[in-house]
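Right, one structure below, let's go through it.
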Amino acid sequence: MIRIRRVGPACLAAIGVGLALPAPAAAHGLTGRADLPIPEWLFAWAAAVVLIVSFVGLAMLWRSPQLEKDNAFRPLPRELSRLVVNPVTETFAAVLGVGLLVVTVWSGLAGVQAPQENFAPTFVYVVFWVGLVVVSIAFGDVFRALNPWRAIGRATGFVTRLLGFRTKPLFAYPSRLGRWPAAAGLLGFAWLELVFSGGDDPSVLAIAVLVYTAVTFGAMACFGTEAWISRGESFSAYFNLFSRISSVTVKGGRLGLRRPLTGMSTLEPLPGTVALLVVMIGNVMFDGASEGSPWVDVAPDIQVFFVDLGFGFTTALELTYSIGLAIALAIVAAIYAVGVVGMRAIDHRPTMTIGRLFAHTLVPIAAAYVLAHYFSLLAYNGQAIAFISSDPLGKGWDLFGTAGGTIDYALVGATVIWYVQVAVLIGGHACGLVLSHDRALSQYGKAQSAATSQYWMLAVMVAFTTTGLFLLSQANQ
Amino acid sequence: MRRSVVRAVIVVAAVAAAVILFVVFGGLGGTDETASEAGDAGPQTTQPDSTPTEPANTVTEVAEPEQPAPQVKRIQVRDGAPMGGVARLEYERGERIRFAVFSDTADEVHVHGFDLAKDVAANGSVRFDFRADIEGVYEVELEGAHVQIAELRIEP
C-alpha cells in the first residue's frame, strides 16, 4: 500500500525516460511512513528462538490428541450472556454495520478525493481490514454481528416472510464451492489494495464496495443469506477464521468460552479452505516483500519489460505487481504443499484431503503475518479514525469536535514495533506447530506415526516464520 | 522407560542446539552491531553534497553541546523530480534535522509524519530545521507533483 509509490520514482529513474511519463495515478498513499527494518541481531535471535521453540515442541510431544479430545463449549452464566447477546445488541450491531457501509460509500463518492483526508480509505484499509482482525482474535466473531450484508439479507428475509411470501433460496449452495468464492473475493480485495494504482482513491474504493455489495446480494438471493454468509462471503470467512483463535464464542445464542486453539481445530475442512488461507498469507507476504529486496531490485526490470511491450507506465506497474502477488501466492501454496506431500509418507489419502485436514494450522500463521506487518499501520493510522470520522468527507466539518487531531507517531517507538513483530511471528509459529501435531495424533493414532508425519510440517512452519522475519529485516532497507 | 530416555535425549539435544545457536547467532549479532556501527560512521563522514554549517548558530551549539554541528543537507529538484534520486537522510532519535530544498518549479514541500509543509517558489529554496523526535522512515514529498524527493530515516 505504501511501497507502490516508492517504486514509482525508482522505476522512473530506471527507465530513464521517466520525466516524459505521467506519475502513477495515486502517487499519494494512505501513509507517508514506513517501518524501519528489524536489525540483524534481532533477526538472528528471533530465528534462533524459532528453532528452539520447534525443538522444545518436539521434545514435549503429547501422545494423544488434546485439543480435539476436549473442545466442549463452556457456556458463560446466562445473565452475562443475555447482557451481551440479545435482540437489542444484535439490532444495534446490525444497524452500526449498515451505517458504516453507507458512510464509507457516501464519503468515498461525495468526499474529497485525497486518501488521507477521506473516511473511506482509512476505514476500509486500517479499521476494517486490520483492526477487525485484532478484535476478532480478542473477542471472537464480532463481524458476524456487524456484517452489513448479512443484516440486510436477514432484514429482507424477515420482511418478505412478514408479507406472507415463502422465502426459499433459488438454489442449494453447491458443496463443491466451499470457501472458493470467499478466496476469490479476498484475492480481489488484495489486488485492489496492493496492485491497482487507484486502490487508495476514495471513489474507487466506494465503487468497489458497491460492486461487492451487489454481488453479495445476488449470491444471497440465489443461495440464501446464511448459506452464502457462512461460506461464500469473503469477509465473513476471513474474520471467522481469525475469530477461531479467540476463546470467546457464541453457540445457539449463548455466549461461552472454548479451550484456547480448539476453535481452529473444529474448522470444517471444506473445499477452498486452503486457497482462502493461501490468499490470506500470500497477500501479506507480497505486501511485505514489495517493501524490500529482492522485489524492489527486480520490479523495475519487469516493469521496463512491460513498457517495452507497449503498455503504459501505470499499467506496466500494475502488471508487475500482479505478477508479484501471484508469485507470493505460489510460494505460500508451494510451502504448504511440501508439508502435505510429506505427510503422504504415512497417509495415503488424496493430497487435497490431507491439505484440507491441516488447513487450520495456517490460521495462526496468517494472523501472525497480518499482525506483524500491519501493527504500525494500525497503531498510527488507526488513530486517524478519531479525527477523520469527525470530518468524513474532508470538507472541514467537525461532527464530534475531534477534527483537529493528528497522528501521534511517538505513541510507539521503532523498538516496540520490532519486538511486537517478532513476538507475534514466534507465537504464531508455536500455535501452528501445536495444532498440526494435535491433528496428526487424531488422524494417525499412534504417536510415532504422528511424529513421522510432522517432520515436513515442522519445516513448513519454520519456512513461513523465517520468511516473515526475513521480509521484516529486508523491508525499507 | 524407553520413552522417557528418548525424551531426555531430545531435550538434551534441544538445549545443546539452543546453546550452539545462541553462541553462533549471538556472536554474529555482536559482530554485526560493530560492523553496522562502522558502516554508519561511513556515510556520516562521507556526505559530500551537504554544505558545512556556518558557525552562526552558536546558540544551539551551546544548548546541545554533545551533538556535532548538524549539516544542512541540500535536495535539488529539477522538473519536479529530485536530482540523483530520492535522497536518504539518516538520523538518530533526538538529533536535529536540517535540510534545504532547491526547486526550479513552485510547489509545496511536505514532510510526512512531522506534518510540516512549506511552499517553495520557482527557482527558490526552503529550509527545514526540526528535532527527530519520532522513529521510522518518513517521506519528504513535493505535494503538488506527488513526487517523493527524500526519505528521513530516524533510528531509535
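Convention: sequence-line order gives letters A, B, ...; per-chain numbering from 1.
Nearest approach of B:Arg93 to A:Ala410, heavy atoms of both residues: NH2-CB, 4.4 Å. In terms of heavy atoms, B:Val137 sits closest to A:Leu36 at CG2-CD2, 3.7 Å. Nearest heavy atom pair, residue A:Pro37 against residue B:Arg153, reads CD-NH2, 3.5 Å. The two residues A:Arg33 and B:Glu135 come nearest to each other via the heavy atoms NH2-O, 3.7 Å.
Contact of B:Leu152 with chain A is not made at all, since no heavy-atom distance falls under 4.5 Å.
Once rounded to the nearest 0.5 Å, the distance linking NE2 of B:His112 with OG1 of A:Thr31 reads 8.5 Å. The structure places OH of A:Tyr409 at 11.5 Å from CD1 of B:Ile154, a figure rounded to the nearest 0.5 Å.
Counting non-hydrogen atoms of neighbouring residues, nucleotides and ligands closer than 6.0 angstrom, the NZ atom of B:Lys118 exceeds 12 such neighbours. More than 12 heavy-atom neighbours from other residues, nucleotides or ligands sit within 6.0 angstrom of CD on B:Glu108.
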